[in-house]
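Data block below; observations after.
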Amino acid sequence: MYNVDEIKSKITCIEYARRNGIDVQKSGDRTYSPFHIGKNPTSFVCYDDSWYSFSDSIGGDVIDLCAFLRHSGDKGKAIADLARQLNIH
C-alpha cells in the first residue's frame, strides 16, 4: 500500500503535467486539453494541487491526472506508477 499524501507532497500537478508534455509553466496556466484534439487554447487549467479540463468535464489531483493521461482512469495503477517514479516504497 502506498501513501497517497506522500505522493502528493512530492509532485505537483504542474510538475507532472510538464513531465508529460503539457504546456503549463505556473499555477493557473491554461492550455489545450491533453485528452483530445481541440481548438480552444484555454480549455485545460492546471494548479499546483489540482487541474480541470473544461472540454471534457473532468479534473482532480495529480493522481487523477496520471490516471487519465496514462492509465485509462485507473487510480490504483496511477498510484503505483507515481510511487515508482518518485521512489516511494
Exercise: identify the closest heavy-atom pair between Arg19 and Gln85: NH1-OE1, 4.0 Å
Are any side-chain N or O atoms of Asp56 and backbone N or O atoms of Ser53, one a donor and one an acceptor, separated by less than 3.5 Å? no
Short N-O contact, Asp61 and Lys8, less than 4.0 angstrom: yes
From Ile88 CD1 over to Ser9 OG, what is the distance, rounded to the nearest 0.5 angstrom? 6.5 Å
Do the side-chain N and O atoms of Ser33 and Ser55 include a donor-acceptor pair separated by under 3.5 angstrom? no
Would you say Tyr16 and Leu82 make side-chain contact, with heavy atoms under 4.5 Å? yes
Can you run down the salt bridge (charged side-chain N to carboxylate O under 4.0 Å, His left out) pairs that involve residues 75-85, sequence neighbours left out, and say none if there aren't any? Asp64-Lys75, Asp81-Arg84
Which pair of heavy atoms, one from Ala78 and one from Ala67, lies closest together, and at what distance? CB-N, 3.5 Å
side-chain contact (heavy atoms from CB on, under 4.5 Å) evaluation trace for Asp23 with Gln25: CA-CA 7 Å; Asp23 186 25; Gln25 304 303 316; 3.4 Å; yes
State whether the number of non-hydrogen atoms from other residues, nucleotides or ligands found under 6.0 Å of Tyr52 atom OH is greater than 12. yes
To the nearest 0.5 Å, atom CD1 of Ile14 lies from atom CG of Asp48 at 5.5 Å
Smallest separation among heavy atoms of Ile63 and Val4, with atom names: CD1-CG1, 3.2 Å
Please collect all ring pair (Phe, Tyr, Trp, His ring centres under 6.0 Å) contacts where either partner lies in residues 24-49, sequence neighbours excluded, each pair once. Phe35-Trp51, Phe44-Trp51
Would you please name every residue forming a side-chain contact (heavy atoms from CB on, under 4.5 Å) with Ala17, sequence neighbours left out? Ile22, Val24, Cys46, Leu65
State whether the side chain of Glu6 and the backbone N or O of Asn3 hold a donor-acceptor pair below 3.5 Å, judged by distance alone. no
For the student: nearest non-hydrogen atoms of Ile7 and Tyr2, plus distance: CD1-CB, 4.3 Å
Any luck finding a side-chain donor-acceptor pair between Ser43 and Asn40 under 3.5 Å? no
